There are 2 protein chains.
Amino acid sequence: MIDQPHPSAYITGMAAHHHHEHAGASLAQAAEAALVDAGEQWTDMRSDIFAVLATFEKPASAYDIADLVSQRRGKRVAPNSVYRILDLFVTTNLARRVESANAYIANSHPGCLHDCIFLICDSCGTATHIDDDALTMSVRAAAEHAGFAQVRPVIEVRGKCADCD
Amino acid sequence: MIDQPHPSAYITGMAAHHHHEHAGASLAQAAEAALVDAGEQWTDMRSDIFAVLATFEKPASAYDIADLVSQRRGKRVAPNSVYRILDLFVTTNLARRVESANAYIANSHPGCLHDCIFLICDSCGTATHIDDDALTMSVRAAAEHAGFAQVRPVIEVRGKCADCD
DNA sequence: TTAGCGATGTAATGTTGTAACGTTCATCGA
DNA sequence: TCGATGAACGTTACAACATTACATCGCTAA
C-alpha cells in the first residue's frame with residue numbers, strides 16, 4: 001500500500017518551497033489529511049499516538065509514547081502497537097526517526113516532502129530542524145555518485161544548543 | 001585525559017588532505033600509534049578488539065565483537081568491556097559509531113581528523129564512506145549558524161549499494 | 001453468512017546499552 | 001618493603017529499545 005516516493009519527487013518538490021509549519025489542532029488535521037491521502041486510515045489509536053508524539057519537544061521513544069498513550073486511554077498500550085504506528089508515520093512522512101536518539105519526532109509539515117537536518121542538543125535533548133535542500137541534495141548527489149540508489153539521507157548534528165551553551 | 005579536538009582543528013586539517021588508507025597489520029599499527037599518541041595504553045584487550053573490529057566489512061555491533069573476542073581469547077568477554085573500549089576508540093578517532101545501525105566500524109585512517117559520510121547498504125549491510133569536507137563543513141556551518149556549539153555531525157546515507165541495486 | 005483483510009491486542013523474546021562494584025596489576029613515594 | 005593510588009578489566013544485574021508470532025475484533029464484499 002505504501003510506496004516510497006521516487007527520488008525525483010524530491011528534486012521537483014525542491015523548487016518552490018513554501019512551508020506551512022503547523023502546531024496543535026492544525027498539525028493534527030494536516031497529519032490526518034496526509035495519512036488519508038496516502039490511502040491509510042486515521043484511527044483513534046493513530047490519532048492518539050500522533051497527538052502524544054506532537055506534544056513532545058524532544059524526540060520521544062516508543063516507550064515514552066506507549067506510557068502516555070496508555071494513560072490517556074486508561075488502558076495499557078503495548079510498545080509493539082506503538083512501533084507499528086510509528087513505522088507507518090515514518091513511511092508516510094508524518095514523523096521522523098531520529099537515529100542518533102533511538103526516538104521519534106512529529107513532522108511539523110507533513111505532506112511536504114524533503115530531507116531534513118536535525119540538531120539535537122546533548123544537554124537538554126531538544127531537537128530542532130533545519131531545512132536546507134541545497135545541502136541535503138548535495139548529500140544525496142554524493143551518495144548517488146558513489147553508486148547508491150534509493151538513498152535516504154540521515155543527517156543529524158549533535159551539539160549544544162544556544163540555550164545550553 | 002581525552003579531549004575532543006577543537007572544531008578549528010577540522011578546518012586546518014581540511015586544507016591539505018592526504019589519506020593513508022590502512023589495512024591489516026598496517027592499520028593495527030596506525031591505530032596503536034594513534035592511541036598511544038592520545039596518551040592511552042595499547043593493551044592486549046584493546047588490540048584484540050580493534051583487530052576483530054577491523055575484520056568486519058559491515059558495521060559490527062558490540063555484541064558481535066564480544067562474541068568474536070571471546071572466541072579468540074577462549075574466555076568470555078562481556079559486552080560491557082567491549083563498550084568501554086569502543087567508546088575509547090570513538091573518542092580517540094580509531095573507530096566510528098554508525099548511529100543508524102547501532103554499530104561500529106574501524107576508522108581506516110586513524111589520526112586523520114575529519115567528519116565522514118557513511119553509506120550503508122540496506123540489503124547487504126556493508127558500509128563505505130565518503131570524505132567530502134566541503135559538504136561536512138557546510139553541515140557544521142549550518143548547525144553553528146543555528147546557534148549550536150561543539151557540533152558533531154552524524155551524516156549517514158541508507159540506500160542500495162551498486163552491487164545490490 | 002462467511003471469507004478476507006486491516007487494525008489492534010497479547011505474550012514472549014531478542015538486541016542494545018549502562019550502572020555499580022570488585023579484582024588485578026603496575027607504579028611510586030615513605 | 002610496604003601500602004597508596006589509579007588504570008584496566010571482570011562480573012552481575014538491569015534498563016532501554018525493538019521484533020516476532022499469533023490471537024482477536026470489526027468491517028465489508030462475495
Side-chain angles (χ1 to χ4, degrees), chain A residues 1-2 32 35-36 38-50 52-53 56 58-70 72-92 94-105 120 122 125 158, chain B residues 1-2 32 35-36 38-50 52-53 56 58-70 72-92 94-105 122 125:
Chain A
M1 191 103 332
I2 297 166
E32 175 173 356
L35 199 56
V36 170
E40 299 288 340
Q41 303 175 37
W42 184 253
T43 64
D44 284 354
M45 188 74 242
R46 291 172 186 187
S47 171
D48 283 352
I49 287 181
F50 188 85
V52 166
L53 178 59
F56 279 84
K58 320 174 190 295
S61 81
Y63 280 73
D64 293 339
I65 295 167
D67 287 346
L68 287 178
V69 172
S70 295
R72 165 185 286 238
R73 310 204 124 206
K75 179 172 188 310
R76 174 183 146 85
V77 174
N80 186 348
S81 300
V82 175
Y83 275 109
R84 261 195 300 245
I85 292 177
L86 287 175
D87 287 349
L88 174 68
F89 286 175
V90 169
T91 60
T92 53
L94 265 63
R96 303 279 188 163
R97 179 173 163 82
V98 181
E99 296 291 349
S100 69
N102 296 329
Y104 298 81
I105 194 163
I120 303 109
D122 289 327
R158 311 296 309 217
Chain B
M1 194 98 333
I2 297 167
E32 174 172 357
L35 200 55
V36 169
E40 298 287 341
Q41 301 177 39
W42 184 254
T43 64
D44 284 354
M45 189 73 240
R46 291 172 185 187
S47 171
D48 283 353
I49 288 181
F50 189 85
V52 166
L53 178 59
F56 279 83
K58 319 174 192 292
S61 81
Y63 282 74
D64 292 340
I65 296 169
D67 288 346
L68 288 177
V69 173
S70 295
R72 166 185 285 238
R73 309 204 126 206
K75 178 172 188 309
R76 173 182 148 85
V77 173
N80 191 341
S81 300
V82 175
Y83 275 109
R84 263 197 298 246
I85 291 176
L86 287 175
D87 287 348
L88 175 68
F89 286 174
V90 169
T91 59
T92 53
L94 266 64
R96 304 278 189 164
R97 179 172 164 82
V98 181
E99 295 291 349
S100 69
N102 295 330
Y104 299 82
I105 193 163
D122 288 327

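Naming: A, B, ... by sequence-line order, numbering from 1 per chain. Quick caveat, the model's predicted, so the values are computed rather than measured.
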Can you measure A:Ile85 atom CD1 to D:dA18 atom P for me and round it to whole angstrom units?
16 Å
Is there a donor on the side chain of A:Tyr63 or the base of D:dA18 sitting less than 3.5 Å from an acceptor on the other?
yes
Are any of A:Arg46's side-chain N or O atoms less than 4.0 Å away from OP1 or OP2 of C:dA7?
yes
Rounded to whole Å, the CG-C1' distance (B:Asp64 to C:dG17) equals 14 Å
Could you tell me how far apart A:Arg73 (CZ) and C:dA7 (C1') are, to the nearest whole angstrom?
12 Å
Nearest-angstrom distance from the residue atom CG of A:Asp44 to C1' of C:dG6
15 Å
With distance as the sole test, does B:Arg97 use its side chain to make a donor-acceptor pair with the main-chain N or O of B:Val90 at under 3.5 Å?
no
Taking only N and O in the side chain of B:Ser61, is any of them less than 4.0 Å away from OP1 or OP2 of C:dT16?
yes
Atom CG of B:Leu88 and atom P of D:dA7: how far apart are they, to the nearest Å?
13 Å
Check the phosphate of D:dA18 against A:Tyr83, side-chain N and O only, distance under 4.0 Å to OP1 or OP2. Yes or no?
yes
Side-chain donor/acceptor of A:Arg158 to backbone N/O of A:Ser100, under 3.5 Å
yes
Distance criterion of 3.5 Å, no angle test: do you see the side chain of B:Arg84 paired donor-to-acceptor with the base of C:dG17?
no
Applying side-chain contact (heavy atoms from CB on, under 4.5 Å) to A:Met45 and A:Val77, what does each step give before you reach the verdict?
CA-CA 9 Å; A:Met45 188 74 242; A:Val77 174; 3.8 Å; yes
Using the ring of each side chain (for Trp, its six-membered ring), is B:Phe50 parallel, tilted or perpendicular to B:Phe89, with breaks at 30° and 60°?
perpendicular
A:Trp42 CH2 - C:dG6 P separation (whole Å):
20 Å
Tell me whether the side-chain N/O atoms of A:Asn102 come closer than 4.0 Å to OP1 or OP2 in D:dA16.
no
In whole Å, what is the span from the CG atom of A:Leu35 to the C1' atom of C:dG6?
13 Å
Counting heavy atoms from C-beta on, name the nucleotide in D:dC9, C:dT8, C:dA7 closest to the side chain of A:Gln41.
C:dA7
Side-chain N or O of A:Arg97 versus OP1/OP2 of D:dA18: is the shortest distance under 4.0 Å?
yes
Distance check: side-chain N/O of B:Ser81 vs OP1/OP2 of D:dG10, anything under 4.0 Å?
yes
So, does A:Ser61 use its side chain to make a donor-acceptor pair with the main chain of A:Ala103 at under 3.5 Å?
no
Establish whether the base of D:dT20 is bridged to the side chain of A:Asn80 by a donor-acceptor pair shorter than 3.5 Å.
yes
First of B:Met45 and B:Arg76 reached from the 5' end of DNA chain D, by closest nucleotide:
B:Met45
Using whole Å, what does the distance between atom P of nucleotide C:dT16 and atom CD of B:Glu99 come to?
14 Å
